[in-house]
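Input: a single structure, listed below in structure tokens.
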Amino acid sequence: MKIAIIGTGNVGGALATKWAKKGHEIYLGVRDVNNFKGKELLANPNTQVLTIENAVATSEIILISTPATSAIDVAKSLGNTSGKIIIDTMNIVMGRGPEGYKNTTVAILDNTETNDVVKCFNTTGFNNMQNPDYNGTAIDVFVAGDSVKGKEIAIQLAKDAGFAECYNIGGNDKFELMEQFAWFWINLAMFQGQGRDIAFKLLKR
Ligand SMILES: NC(=O)c1ccc[n+]([C@@H]2O[C@H](COP(=O)([O-])OP(=O)(O)OC[C@H]3O[C@@H](n4cnc5c(N)ncnc54)[C@H](OP(=O)(O)O)[C@@H]3O)[C@@H](O)[C@H]2O)c1
């Protein structure tokens, strides 16, 4: 798949690396092609850097992994997103997010042409995206959104990144729940002293 990565820091960099090595075509979409976080990603296979608008125009899938406070500006900077799928990884942390919104994904939906916007990869740390393996067991991630094709693609890309499963949490009404679940991980990792090497897995019998 052709994937634009908007936000080439911790999260965008980790997923771009996994997907590039899996054979996807990666277009890093940045504000300044000569000066951006994640320049080392250009050493990955199948990876190029473009302006944000050109990366979006070239791709079928758009990953947004910028700070939540920039969600509206970033959504408006994408250019024409008709027919494209957007995967939002962002979280409003400590109340810092797009003004007037309770979650970042609705802010993207309201400021782009596409309705195929899903939330995924936001519920775990970037270190778990770099390495989802815990002693031989791969961890899980989760996806929410009304877009059926958006969820299908996110689930495929989660598996391509090495996650065991990507569970469907529901529709657009679950975006906030996804951010709260991310906050649950952040609370355990950062504030309750468990550290970043923790992850969730759904057990069944
Ligand atoms: N860190 C985690 O473990 C983690 C886990 C799950 C979800 N998240 C969420 O994922 C998002 C990204 O986190 P991160 O840790 O990857 O952040 P990060 O390392 O600070 O990277 C942020 C990226 O966003 C870009 N950016 C900032 N403002 C922008 C704008 N207005 N337009 C275009 N690009 C812009 C930056 O580009 P420049 O180089 O041009 O500044 C940089 O590439 C956040 O919303 C966070 O809540 C983080």
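Atoms within each ligand, like the ligands themselves, are counted from 1 in listed order.
- Contact residues of ligand 1 (protein heavy atom closer than 4.0 angstrom to a ligand atom; sorted by chain and number): Gly7, Thr8, Gly9, Asn10, Val11, Arg31, Phe36, Lys37, Ile52, Ser65, Thr66, Pro67, Ala68, Ser70, Val74, Thr89, Met90, Asn91, Phe121, Asn122, Thr124, Gly125, Phe126, Met129, Arg196.
- Centroid-to-centroid, the aromatic rings of Trp19 and Phe121 come within less than 6.0 Å.
- Each of Asn111, Thr112, Asp110 was evaluated against Ile108; a single residue qualifies, Thr112, per the side chain to side chain contact (heavy atoms under 4.5 Å, CB included) test.
- Residues satisfying the ring-ring contact (aromatic ring centres under 6.0 Å, His included) criterion with Phe126, sequence neighbours excluded, are absent altogether.
- Minimum heavy-atom separation, Leu50 to Tyr27: CD1-CD2, 3.7 Å.
- Taking the six-membered ring where the residue is Trp, the centroids of Phe200 and Phe181 are separated by under 6.0 Å.
- Counting only distance, with no hydrogens or angles, the side chain of Asp140 and the backbone of Leu202 share a donor-acceptor pair below 3.5 Å.
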